[in-house]
Peer 1: 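Structure incoming, see below.
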Protein chains: 2
Amino acid sequence: MNRPTTRKGCETRERIMVCAARLFARQGARGTSIDEILTESGTGKSQFYHYFRDKDELIRSVHAMQIERMLALHSVIFEQLDSWEGFELLNDTVLHLLESQRFQDGCPIGSLASELATSDELVRMDTEQYFDRKKAAIVRGLTAMKLRGELRPDTDVQGLADFVVVVLQGAKLLSKVRRSADCAQASLRHMLLYLQSHRS
Amino acid sequence: MNRPTTRKGCETRERIMVCAARLFARQGARGTSIDEILTESGTGKSQFYHYFRDKDELIRSVHAMQIERMLALHSVIFEQLDSWEGFELLNDTVLHLLESQRFQDGCPIGSLASELATSDELVRMDTEQYFDRKKAAIVRGLTAMKLRGELRPDTDVQGLADFVVVVLQGAKLLSKVRRSADCAQASLRHMLLYLQSHRS
DNA sequence: ATTCATCTGTACTGCGCGGTATAATCCTCC
DNA sequence: GGAGGATTATACCGCGCAGTACAGATGAAT
């Protein structure tokens with residue numbers, strides 16, 4: 001609702017957001033109560049409703065934040081996606097991320113989207129944009145490789161980019177269910193091998 | 001709680017389950033109240049608590065039912081997974097299923113798992129088993145093809161099977177977010193192409 | 001020091017939710 | 001036809017939830 005103006009206000013809002021993000025990733029948005037977030041973040045109700053109109057707005061804000069966070073975190077990698085090393089780095093980063101959460105959260109963005117996509121159109125659209133931006137980065141990289149003659153001229157860049165996004169999301173989901181990165185690792189490796197099969 | 005014995009009882013329990021399954025797929029388990037299920041299915045509270053101990057038991061029952069339903073629906077296909085036609089049929093079936101839901105539900109099993117995997121260990125394990133059984137069917141098929149010499153002897157059957165499961169789940173999730181089968185279709189086609197690249 | 005907007009503490013409300021209690025019906029079998 | 005379990009109707013309970021009211025604290029600017 002109100003954007004914070006002072007330093008203290010920013011910190012408070014931030015603490016709520018970060019804490020909510022963590023809880024949402026573990027137990028979903030519907031499975032997390034506002035009180036729980038407030039207790040965990042050491043804030044009060046008045047503070048919450050000073051910065052957010054209602055729970056839905058919090059959810060959307062957190063989701064948007066996670067999206068920007070992820071895209072920022074991967075921005076360096078995205079720029080290297082015009083080389084095999086870049087894709088290897090992408091795979092490694094994803095696997096590393098999964099392990100750092102001990103395979104508990106899967107993909108926070110994907111999870112929240114899966115939970116709310118049908119009931120919250122805004123969340124759905126934000127997620128769609130997220131996938132679009134991810135895909136665009138991959139398309140850029142593959143196109144560059146194609147232009148440099150590293151990929152066959154008839155390579156279906158668009159379809160491959162969709163494919164990569166799909167594999168990434170699927171791998172993250174399965175690692176969450178299996179509590180292990182094994183299948184994710186195998187899948188990502190095969191994905192890379194498939195990309196490389198388009199070498200000219 | 002109580003298993004129904006009479007015909008009427010079975011029908012009542014069935015109606016609750018089917019209705020819950022539909023609602024869970026659209027709005028998640030936490031996003032669906034018992035009252036909503038009862039209203040929609042035309043049953044009463046006493047009937048619900050006659051057949052289910054609590055909401056968790058309903059959720060697990062519905063989830064288990066969905067799993068068995070899916071495996072049964074695919075059992076014929078699973079037996080044909082020792083041929084390229086079999087995999088094509090699998091892809092077509094998945095796409096057809098997505099379209100029949102107008103891309104609203106994605107994968108009911110995957111969605112519920114994503115929502116509850118971290119908070120309900122039983123749901124998580126059931127889902128894991130589901131993926132295992134799916135993978136096993138794929139492994140059987142690919143192994144048969146390998147033995148028949150249609151796949152190269154060094155083919156990583158296990159890894160490929162994981163890969164297929166991952167792609168299927170990822171495709172279903174993205175179709176839900178994108179409200180379209182386009183990316184799913186492209187991904188599944190590329191998956192098949194990759195499998196076929198292992199031809200000997 | 002006073003002012004004034006920002007920020008925060010606390011107590012409260014109303015309601016929807018999961019779950020219970022009790023008793024009434026239905027059906028089958030003897 | 002009536003005994004007895006299976007099934008169903010209805011009213012209810014208590015709690016946790018999202019959201020509100022309002023007063024109090026903070027702190028920078030003048």
Peer 1: How many whole angstroms separate atom CZ of B/R7 from atom P of C/dC26?
Peer 2: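 About 19 Å, once rounded to whole Å.
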
Peer 1: Can you list, in residue-number order, the parts of residues 40-54 of chain B that come under 4.0 Å of DNA chain C, counting heavy atoms only?
Peer 2: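 DNA chain C contact set from residues 40-54 of chain B: B/K45, B/Y49, B/D54.
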
Peer 1: Mind listing the closest non-hydrogen atom pair of B/A72 and B/S75 along with its distance?
Peer 2: O-OG, 2.9 Å

Peer 1: Roughly how many Å is it from CG in B/L58 to P in C/dC17, rounded to a whole number?
Peer 2: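 Nearest whole value for this atom pair: 15 Å.
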
Peer 1: Taking only the side-chain heavy atoms of B/I34 (C-beta and beyond), determine which of C/dG18, D/dC17, C/dC7 contains the nearest atom.
Peer 2: C/dG18

Peer 1: CD1 of B/I59 versus C1' of C/dG18: gap in Å, rounded?
Peer 2: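 These atoms are roughly 11 Å apart.
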
Peer 1: C/dT28, OP1 or OP2 - any side-chain N/O from B/T6 closer than 4.0 Å?
Peer 2: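 False: B/T6 side-chain N/O out of range (4.0 Å or more) of C/dT28 OP1/OP2.
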
Peer 1: Of the nucleotides C/dT8, D/dT8, D/dT7, which one has an atom closest to the side chain of A/T12?
Peer 2: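 Closest nucleotide among those given: C/dT8.
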
Peer 1: In chain order, what residues pass the side-chain contact (heavy atoms from CB on, under 4.5 Å) check against B/L97, with sequence neighbours excluded?
Peer 2: B/M70, B/L73

Peer 1: Tell me: CG of A/D35 to C1' of C/dC12, nearest whole Å?
Peer 2: 13 Å

Peer 1: Could you tell me which non-hydrogen atom of B/Q104 sits nearest to which non-hydrogen atom of A/T118, and how far apart they are?
Peer 2: O-CG2, 2.8 Å

Peer 1: Please pick, from C/dT8, C/dC27, D/dA6, the nucleotide with the shortest atom-to-atom distance to any side-chain atom of B/K8.
Peer 2: C/dC27

Peer 1: Inspect the surroundings of CD in B/E99 and state if more than 12 heavy atoms from other residues, nucleotides or ligands are less than 6.0 Å away.
Peer 2: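 Counting neighbours around CD of B/E99, 12 or fewer heavy atoms of other residues, nucleotides or ligands fall under 6.0 Å, so no.
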
Peer 1: Side-chain N or O of A/T5 versus OP1/OP2 of D/dA28: is the shortest distance under 4.0 Å?
Peer 2: no

Peer 1: Charged N to carboxylate O below 4.0 Å: is that the case for A/D105 and A/K176?
Peer 2: no

Peer 1: Side-chain contact test, heavy atoms from C-beta onward, threshold under 4.5 Å: evaluate it for B/S197 versus A/S197 and give yes or no.
Peer 2: no

Peer 1: Rounded to the Å, how far apart are A/I16 CD1 and C/dC7 P?
Peer 2: 12 Å

Peer 1: Between C/dT6 atom P and A/N2 atom CG, what is the distance in whole Å?
Peer 2: 7 Å

Peer 1: With a 4.5 Å heavy-atom cut-off, do A/L160 and A/V139 have their side chains touching?
Peer 2: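 A side-chain contact under 4.5 Å is absent here.
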
Peer 1: If I take atom CD in residue A/E36 and atom C1' in nucleotide D/dC17, what distance separates them, rounded to the nearest angstrom?
Peer 2: 12 Å

Peer 1: Nearest whole Å is fine: how far is C/dC7 P from A/M1 CE?
Peer 2: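 One finds 14 Å between P of C/dC7 and CE of A/M1, rounded.
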
